Amino acid sequence: MSRHVDTVIDAAANPDTSQPFAELGLKPDEYQQIREILGRRPTSAELAMYSVMWSEHCSYKSSKVHLRQFGDKKPETDALLVGIGENAGVVDIGDGWAVTFKVESHNHPSYVEPYQGAATGIGGIVRDILSMGARPVAVMDPLRFGAADHPDTRRVLPGVVAGIGGYGNCLGLPNIGGEVVFDSSYQGNPLVNALCVGTMRHEDIHLASAKGVGNLVVLYGAKTGGDGIGGVSVLASETFDEGGPAKRPSVQVGDPFMEKLLIECTLEVLHAGLVEGIQDLGGAGISCATSELASNGEGGMHVRLDAVPLRDATLTPEEILMSESQERMCAVVTPEKIDAFLAICRKWDVTADVIGEVTSTGRLVIEWHGEIIVDVPPRTVAHDGPVYNRPLARPDWQDDLIASGTSDLPRPASAIEIRDSIMTMVGSPNLAAKTWITSQYDRYVLGNTVLAQPEDSGMVRVDEVTGRGVAVSTDCNGRFAKLDPYNGAKLALAEAYRNVAATGAAPLAVTNCLNFGSPEDPAVMWQFSEAVRGLADGCLELGTPVTGGNVSFYNQTGETAIHPTPVVGVLGVIEDVTKRTPMGFGAAGDVVLLLGETRDELDGSEWAHVVHSHLGGVPPQVDLAAEMRLAEVLVELGGSGALTAAHDLSDGGVAQALVEMALRRGVGASITLPADVDAFVTLFSESTARVIVTASPANADTVMSAATSAGVVVTALGSVGNLGDDLVIENVAADSVRLSLAELSQAAEATLPALFG
Amino acid sequence: MARVVVDVLLKPEILDPQGKAVEGALGRLGLAGVSSVRQGKTFTIDVDGDLDDARLAQLHELAGSLLSNPVIEDYSIREVTA
Amino acid sequence: MARVVVDVLLKPEILDPQGKAVEGALGRLGLAGVSSVRQGKTFTIDVDGDLDDARLAQLHELAGSLLSNPVIEDYSIREVTA
Amino acid sequence: MTSGMRIGVVTFPGSLDDRDAARAVRIAGGEAVALWHADADLHGVDGVVLPGGFSYGDYLRCGAIARFAPVMTPLIDAAKGGLPILGICNGFQVLCESHLLPGALVRNDHLHFICRDQKLRIESNSTAWTSDFEVGQEIVIPLKNGEGGYVADDKTLDQLEGDGRVIARYLDINPNGSRRDIAGITNERGNVVGLMPHPEHAVEALTGPTTDGLGFFTSVLTSLVNR
Ligand SMILES: Nc1ncnc2c1ncn2[C@@H]1O[C@H](COP(=O)(O)OP(=O)(O)O)[C@@H](O)[C@H]1O
Ligand SMILES: [Mg+2]
């Protein structure tokens with residue numbers, strides 16, 4: 001060894017060696033705390049471990065005190081088999097089936113290197129799901145970009161989309177939905193969130209714990225290289241300066257082929273009963289996997305770091321501990337089963353090496369060529385990191401923002417003006433068809449995709465015999481969250497919940513990805529605490545527990561934070577996927593009904609954004625009791641086959657929903673707006689707890705009476721036309737609006753290709 | 001007419017899944033002793049007229065931004081006879 | 001150790017959409033007079049020991065079957081100093 | 001009802017649509033037999049599907065590495081002996097790389113991966129895999145590929161056309177720049193078929209755009225019975 005490694009003996013002998021803790025992102029008091037825990041200075045390897053594990057990204061040090069609410073306010077539920085704290089939560093969906101799902105961010109890496117950043121984002125979340133023992137069955141990608149016509153969006157978006165597709169397609173996971181939102185608040189800080197759903201039998205659930213003294217710790221998958229070293233603390237926890245991607249930390253490159261082998265290999269060893277505990281390697285790599293496995297298990301582990309297979313022989317032990325090389329997993333295996341385990345790895349051409357064993361010492365001890373370089377209590381690394389109660393303060397601009405509502409903005413009045421507004425909105429980047437993006441994703445692979453984009457939620461069949469399945473939707477309107485973070489989070493939850501119910505699935509559980517600015521800014525911290533409080537309250541009221549999620553802080557450029565963006569994913573269960581409700585108009589003559597109440601709610605709306613570039617006022621009222629009544633009606637009627645279509649109302653209101661329902665299968669409709677309400681409000685308001693449904697004339701009464709008796713207001717809107725018919729809206733300012741499907745389709749489909757094609 | 005070839009290679013520390021796949025295949029097909037394979041890209045560019053310093057500088061600029069991704073790749077330029 | 005580079009290029013008559021896209025982009029970014037761009041692949045292969053005739057022959061065999069597809073591509077092999 | 005026919009589905013490292021192909025075989029009434037790339041044995045199957053996916057990550061060229069898998073040795077012999085073989089997408093690429101079919105598949109002309117419901121016209125029903133269709137029949141099945149552009153020299157193309165060996169053509173749009181809108185071809189004998197779109201994703205009304213893909217799988221079962 002040419003380079004001298006800093007051993008535990010050295011650390012005791014030279015207590016005063018100065019150490020670069022600040023460069024590694026540790027605060028002086030955090031460094032002091034480490035010295036106290038160890039009773040000496042840390043070795044450089046220990047310092048590396050603590051610095052990554054105590055980073056915001058791994059330790060949740062700023063968010064922990066708030067996230068506790070998800071547990072404290074957890075609704076009564078039997079569905080939660082594994083709760084928050086594991087790699088991903090697991091819910092019972094009936095018949096012995098369990099589902100795990102989770103969403104994570106890969107925002108900063110995707111800004112630096114869009115393709116690889118987004119690709120490895122998919123890879124990381126898939127391994128999280130896999131590590132629970134589940135077979136990954138679908139992915140989704142909630143995305144936020146700066147202004148659609150900004151040159152940097154042109155740089156970032158195509159790469160992100162190609163990366164998500166490149167990785168997910170090659171892995172053989174259908175992409176069943178997501179979001180694409182453009183808003184200048186994300187300029188310089190796009191959000192790339194990735195969600196994965198996995199399924200398993202109850203008995204296949206596995207946890208990340210190193211149990212059984214004497215059991216072996218196996219590292220398998222890709223070899224370790226110099227990827228993303230320090231990525232966790234540098235990439236995920238620091239703000240980008242004005243200069244943008246000038247600061248170039250080393251980037252991780254994904255190998256989806258390796259990940260595919262890792263999936264098949266992992267499922268085979270799990271099903272063969274060869275694994276005691278399992279953990280994926282994500283942020284903080286080996287530091288995280290060993291310390292978490294040890295602290296969740298017997299508490300002790302002995303690791304020989306020089307046994308880690310390397311791609312680059314020059315890596316130092318500190319770098320090996322911090323490397324974020326992708327496509328690696330760690331398993332705990334009994335000595336009797338190790339040969340069988342290694343044989344399956346060989347079958348799949350997956351490198352596997354025993355790097356240590358479980359001990360009863362209560363210490364995580366890591367040696368490097370015979371010398372001890374780490375000797376720590378694993379809990380102090382993995383779980384007992386610093387916890388901050390950061391100062392929070394309602395921003396001084398919040399009142400002004402709320403005061404400047406949309407009531408003074410000119411509204412279209414005549415039928416011609418309303419028609420123009422509809423056409424402008426249909427072609428606007430946020431509402432335009434996302435085909436240019438989603439056609440780069442495989443939605444068919446695995447053969448169980450029942451619904452995918454642009455349907456309200458993605459739906460996959462879980463059991464091919466019974467037809468049991470799950471539906472997932474992710475949503476968040478960052479403008480609403482900016483106006484009111486507490487209700488904004490509830491609105492995101494309500495929308496995702498409604499999207500799931502619209503397809504006929506009963507909402508069951510929640511995941512989230514909380515994307516915010518710097519936690520060191522009291523205004524951001526206030527937004528965060530409000531959003532968490534809103535989401536926890538909302539989940540309690542709806543009876544849908546939070547099963548897990550992710551926090552992404554430091555999403556800002558300079559002093560300017562992004563809109564608070566608490567992306568909420570809701571998962572629902574449907575007993576028979578053949579009964580799912582699609583979104584498009586189908587049979588001519590079907591009646592079109594609006595379920596739910598419309599109020600004059602245009603503040604923060606897509607109309608205000610597109611037509612007036614305006615953001616201010618009070619977001620639409622949240623009424624979760626109404627959402628629950630509506631969902632019950634949708635699930636019951638969907639299951640009984642009474643609905644031929646249902647489509648959630650959100651961005652763009654009734655006008656946009658009608659257009660989307662018509663374009664889905666190229667079928668027009670003849671709509672008559674209620675006479676007693678302002679047509680503009682009916683068409684563009686974004687009141688919540690509303691859905692448009694269709695039913696055959698024979699079932700119309702059933703639908704109306706079911707809704708009415710559940711306390712859901714029903715408004716008859718008209719009837720479905722024939723293939724190719726126009727969308728005609730009567731009673732618009734004493735006139736009518738006629739929209740041909742050809743012009744609507746042209747307006748909806750042309751926007752993204754023109755920007756990015 | 002002048003012809004230049006821009007060679008683009010992944011930086012040595014960056015994972016090269018393609019090279020790795022080829023390395024495995026070469027081994028399975030019986031080529032002994034392969035210790036490493038790296039896959040790269042070439043762009044063979046024909047330009048009219050002479051390649052003066054100004055254009056060469058421009059080419060370097062584009063090779064480092066458009067043709068390669070400086071975050072993960074290195075490039076080099078060589079002139080060849082067309 | 002010996003190092004060889006296998007260059008693989010699309011046959012001239014085969015359409016090269018990637019080269020075309022690069023050609024267009026170079027033009028748009030202001031490089032004047034580009035008359036053609038072709039994109040190719042390189043494999044930089046390190047082998048232990050010497051590259052004797054037998055192994056070179058084996059390498060040619062593999063370059064013409066595995067590393068390139070003779071239906072659409074041509075290859076050439078050059079030795080370089082590692 | 002099963003036909004008693006056993007159709008093998010090969011899994012290479014990186015195969016993705018192998019389960020789907022097996023499901024399609026079962027729905028059509030056959031028995032699906034899993035074949036493993038490293039096992040140089042076809043286990044007496046009556047036909048073989050090479051499924052879609054990204055074998056070996058498609059890192060070198062699509063299908064280039066899979067072509068050298070041990071299972072391909074007996075498969076290439078059997079193909080020459082008349083065993084019905086269908087290569088879908090990546091499987092088509094493997095068949096071209098193995099020279100069981102002429103030509104090659106290259107990067108889509110628009111350079112993006114594309115997944116869409118694609119309209120095709122069946123051009124030949126005198127193959128083992130298309131006999132249940134009518135010539136001229138229009139079908140819609142999913143297409144999903146990044147390297148699906150079919151290329152061959154003009155002489156080869158003329159010969160394919162002249163011999164009636166183009167089995168399906170893209171209609172409405174050419175999604176990947178394939179020459180002469182070719183979506184699928186066959187060998188002289190009509191037992192080996194390569195198809196870029198994915199019939200195995202169109203076998204159930206619930207999960208596919210249509211059930212038009214089923215015809216490929218019923219065809220082979222019918223032709224085996226009538227053999
Ligand atoms: N990035 C994406 N990836 C996959 N699907 C997407 C993506 N963006 C949008 N979609 C899909 O497009 C459809 C419309 O999106 P959105 O407008 O957010 O729906 P909603 O109005 O129901 O919230 C949904 O099916 C959604 O899943
Ligand atoms: Mg949505």
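Quantities reported herein were computed from a predicted structural model and do not represent experimental measurements. Note on naming: letters A, B, ... go to the chains in the order of the sequence lines (proteins, then strands), and numbering restarts at 1 for each one. Excluded from the calculations below are hydrogen atoms, water molecules and symmetry mates; all remaining heavy atoms, backbone and side chain alike, are included.
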| request: Check the surroundings of atom CD in D:Gln137: do more than 12 heavy atoms from other residues, nucleotides or ligands lie under 6.0 Å from it? | output: yes
| query | By a 4.5 Å heavy-atom criterion (distance strictly below it), what part of A:Ser439 contacts chain D: side chain, backbone, both, or neither? | reply | both
| Using a cut-off of under 4.5 Å for heavy-atom pairs, which of A:Thr578, A:Thr449, A:Val450, A:Asp442 has the most such pairs with chain D? | A:Asp442
| query | Between D:Glu204 and A:Arg461, is there a side-chain N and carboxylate O pair less than 4.0 Å apart? | reply | yes
| request: Could you check which of D:His110, D:Lys144, D:Glu200, D:Arg23 has the highest count of heavy-atom pairs closer than 4.5 Å to chain A? | output: D:Arg23
| field | Exercise: identify the closest heavy-atom pair between A:Leu446 and D:Asp20 | value | C-OD2, 3.0 Å
| task | State, to 0.1 Å, how close A:Lys260 and D:Gly14 come at their nearest heavy-atom pair, and which atoms those are. | result | CG-CA, 4.2 Å
| query | Quick one: what part of A:Leu173 sits under 4.5 Å from any heavy atom of chain D, side chain, backbone, both or neither? | reply | neither
| query | A:Arg443, A:Met459, A:Arg580: which one forms the most heavy-atom pairs within less than 4.5 Å of chain D? | reply | A:Arg443
| remark: In terms of heavy-atom contacts, D:His112 and A:Gln440 come closest through ND1-OE1, 3.5 Å
| Between CG of D:Asn145 and CG of A:Asn169, what distance do you get to the nearest 0.5 Å? | 10.5 Å
| task | Would you please say whether a donor-acceptor pair under 3.5 Å links the side chains of A:Asp255 and D:Tyr59? | result | yes
| task | Inspect the surroundings of NZ in A:Lys347 and state if more than 12 heavy atoms from other residues, nucleotides or ligands are less than 6.0 Å away. | result | yes
| remark: Bottom line for A:Val460: the part with an atom under 4.5 Å from chain D's heavy atoms is neither
| field | Considering all heavy atoms, the nearest A:Gly447-D:Thr207 contact | value | O-CG2, 3.4 Å
| field | Minimal non-hydrogen separation, A:Phe257 against D:Gly57, with atom names | value | CD1-N, 3.3 Å
| request: Over all heavy atoms of both residues, which pair between D:His201 and A:Val445 is shortest? Give the atoms and the distance, please. | output: CE1-CA, 3.8 Å
| task | Report the C-alpha distance between D:Asp117 and A:Tyr444 in whole Å, list the side-chain angles of each, state the deciding distance to 0.1 Å, and finish with yes or no for side-chain contact (heavy atoms from CB on, under 4.5 Å). | result | CA-CA 10 Å; D:Asp117 298 341; A:Tyr444 285 110; 2.4 Å; yes
